[in-house]
Amino acid sequence: MITVIYYIHLILALFLQIFLFKTKIYHEDDSRQNKRIKGSSIIITNHRWFLDGLVIALVFFLKRLHFIATDFYKYKYKIVKLIVHIAGGIFVDSEVNSIDFIEKSRKITAKGRSIMIFPEGDFKHTYEPSKFSAGYIMLAIRLGAKIIPIVNDFSYGLFKRVHLMIGNSIDLSGYANTELTKEKIKEINEEIYGKYLMLFYELKKKKAENIIYKYEFISPKPGNVIRIDAGSYYHYGVFLNANEVIQFGYPVNRPGENIVVNSVSLNEFCGNKIPEVRTLKKRFIRNIDDIERYAKSCLGQGRYNIISNNCFDFANRVTLNI
């Protein structure tokens, strides 16, 4: 009966898909793309709004989804708990450190269903996905379920469109009979988080591909993307002021060099060259305060990749409304 009610509400939610979501889906590997999840799985995704889970549930309409819900026992109104239960909530009583939810999850995945987890924890209003809590790893291993990472860009609205990046499944079955130390769990978590970040960057990269750029030899203003000719390619940075240009790497990244986001003066960025300044319509650009906060929050960040996470990709993420 609960499943029937679940699907009735999901059908009603199709109006949100038509008017508010209009979801566009990308896949890490297009040759493996599939809107159906085969077998049990743990879906991990970023979280900012109560609609986040609904977007994914609509994408995998034929797959009954559940999700881990913590601390709902604290609610005074039983109707709240009932709604969450119908929606697929698996309750965790964190006050008594109960692990009953593991057995409940096992019964659910035994039916071939999937469980959604938000490993960042609560709603996170951050520029990029926050560090993951590692609980989803132990749950996936105990249930023998694969992990499917999905990135959401939270672009909800009548004149917007939600974009999802679905990554390849991650198989941790090799750890099923292994006694994992805290250090090993941390290592696995860091590796999965790193893969998730790269999916996030790839989603932003795909969205930026639809924007046409124009560059001029004019004086840069705070928040502008600037570039210099480095020979066979251009090197990009985000201009904040004459003393601060945030860049990912350097015009020439030497072998073995630790390539990270760093801050230099305009003179250091340009050397003996004249920078070109990107000009775009305002609707494509974040406000200057947002650009500055985002750029500075990335200082020291690594994971450079010449193809999928370079200085150009970094400048786009920081400055564009994507």
Side-chain angles (χ1 to χ4, degrees), residues 124-131 151 153 190 193-194 196-322:
K124 299 291 183 180
H125 293 272
T126 54
Y127 294 110
E128 299 185 357
S130 300
K131 291 288 187 178
V151 178
D153 73 347
E190 283 293 323
Y193 175 72
Y196 194 89
L197 269 185
M198 296 309 293
L199 289 174
F200 173 83
Y201 296 154
E202 182 63 21
L203 176 58
K204 295 295 184 180
K205 184 183 180 76
K206 285 186 177 295
K207 293 181 66 177
E209 289 173 353
N210 298 321
I211 300 176
I212 299 174
Y213 311 103
K214 182 180 178 181
Y215 295 87
E216 301 180 55
F217 287 105
I218 57 177
S219 297
K221 296 179 181 179
N224 283 161
V225 171
I226 59 176
R227 72 179 187 181
I228 56 169
D229 189 343
S232 59
Y233 59 92
Y234 286 98
H235 178 62
Y236 297 81
V238 180
F239 176 84
L240 299 181
N241 55 64
N243 296 314
E244 290 181 295
V245 177
I246 311 296
Q247 60 178 356
F248 195 2
Y250 304 90
V252 179
N253 292 310
R254 294 173 290 276
E257 184 176 45
N258 186 24
I259 303 174
V260 298
V261 177
N262 62 88
S263 177
V264 294
S265 68
L266 181 61
N267 286 337
E268 289 176 294
F269 180 85
C270 297
N272 59 356
K273 299 179 179 179
I274 300 175
E276 294 179 82
V277 180
R278 177 188 291 178
T279 56
L280 277 175
K281 294 180 180 179
K282 287 185 178 180
R283 65 188 179 93
F284 292 120
I285 308 171
R286 299 177 187 269
N287 66 66
I288 175 56
D289 291 336
D290 209 22
I291 292 173
E292 182 174 356
R293 283 193 294 267
Y294 192 170
K296 289 185 176 180
S297 73
C298 294
L299 289 172
Q301 188 179 82
R303 304 181 191 277
Y304 181 91
N305 185 292
I306 194 170
I307 297 175
S308 59
N309 189 28
N310 52 44
C311 59
F312 178 68
D313 300 320
F314 166 75
N316 283 342
R317 285 198 303 274
V318 168
T319 61
L320 298 179
N321 272 323
I322 54 175

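Quick note: residue numbers are just sequence positions, from 1.
- Sorted by first then second residue, the ring-ring contact (aromatic ring centres under 6.0 Å, His included) pairs that include residues 249-268, not counting sequence neighbours, number zero.
- Nearest heavy atoms, Ser130 versus Tyr193: O-CE1, 3.1 Å.
- Asn287 meets the side-chain hydrogen bond (donor to acceptor under 3.5 Å, both in side chains) test with no other residue; sequence neighbours excluded.
- Remark: Ile306 CD1 is loosely packed, at most 12 non-hydrogen atoms of other residues, nucleotides or ligands lying under 6.0 Å away.
- Taking the side chain to side chain contact (heavy atoms under 4.5 Å, CB included) definition, one finds that Tyr127 meets it with Arg286, Asp290, Arg293, Tyr294, Ser297, sequence neighbours left out.
- The two atoms that bring Pro129 and Leu197 nearest to each other are CD-CD2, 3.9 Å, heavy atoms only.
- For Lys281, the side chain to side chain contact (heavy atoms under 4.5 Å, CB included) partners two or more places apart in sequence, or in a different chain, are Arg283, Phe284.
- Residues meeting the salt bridge (Lys or Arg N to Asp or Glu O under 4.0 Å) test with Lys296, sequence neighbours left out: Glu244, Glu292.
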### Message
side chain to side chain contact (heavy atoms under 4.5 Å, CB included), that's the test. Do Arg317 and Asn309 meet it? Break it down for me.
### Response
CA-CA 10 Å; Arg317 285 198 303 274; Asn309 189 28; 3.0 Å; yes

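- Under the side chain to side chain contact (heavy atoms under 4.5 Å, CB included) criterion, Ile285 pairs with Leu280, Ile291, sequence neighbours left out.
- In terms of the side-chain hydrogen bond (donor to acceptor under 3.5 Å, both in side chains) criterion, Arg303 has no residue partners (sequence neighbours excluded).
- Considering all non-hydrogen atoms of both residues, Tyr196 and Val151 come closest at OH-CA, 3.4 Å.
- Annotation: salt bridge (Lys or Arg N to Asp or Glu O under 4.0 Å) contacts involving residues 197-210, sequence neighbours excluded, comprise Asp153-Lys207, Glu202-Lys206, Lys205-Asp313.
- Cys311 approaches Tyr304 most closely through the heavy-atom pair N-CE1, 4.1 Å.
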Scan the side chains in residues 215-223 for donor-acceptor partners under 3.5 Å anywhere in the protein, sequence neighbours excluded, and list what turns up.
from, atom 1, to, atom 2, distance (Å)
Tyr215, OH, Arg278, NE, 3.2
Tyr215, OH, Arg278, NH2, 3.0
Glu216, OE2, Thr279, OG1, 3.3

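- When side chains are defined from C-beta on, Ile226 counts as touching Leu266, because their heavy atoms get closer than 4.5 Å.
- Using a 4.5 Å cut-off on side-chain heavy atoms (C-beta onward), Pro251 and Ile228 make contact.
- Note that OG of Ser263 and CD1 of Ile246 are 4.0 Å apart. Values are rounded to the nearest 0.5 Å.
- The heavy-atom pair separating Asn310 from Phe248 by the smallest distance is O-CD2, 3.8 Å.
- Looking at residues two or more places apart in sequence or on another chain, you find no side-chain hydrogen bond (donor to acceptor under 3.5 Å, both in side chains) involving Asn224.
- Checked against salt bridge (Lys or Arg N to Asp or Glu O under 4.0 Å), Glu268 has no partners two or more places apart in sequence or in another chain.
- Minimum interatomic distance between Leu320 and Ala208 (heavy atoms only, all atoms of both residues): CD1-CB, 4.2 Å.
- No side-chain heavy atom of Ile211 sits under 4.5 Å from any side-chain heavy atom of Asn316.
- The side-chain hydrogen bond (donor to acceptor under 3.5 Å, both in side chains) search around Asn262 returns Gln247, not counting sequence neighbours.
- Aromatic rings from Tyr236 and Tyr213 are positioned such that their centres are separated by 6.0 Å or more.
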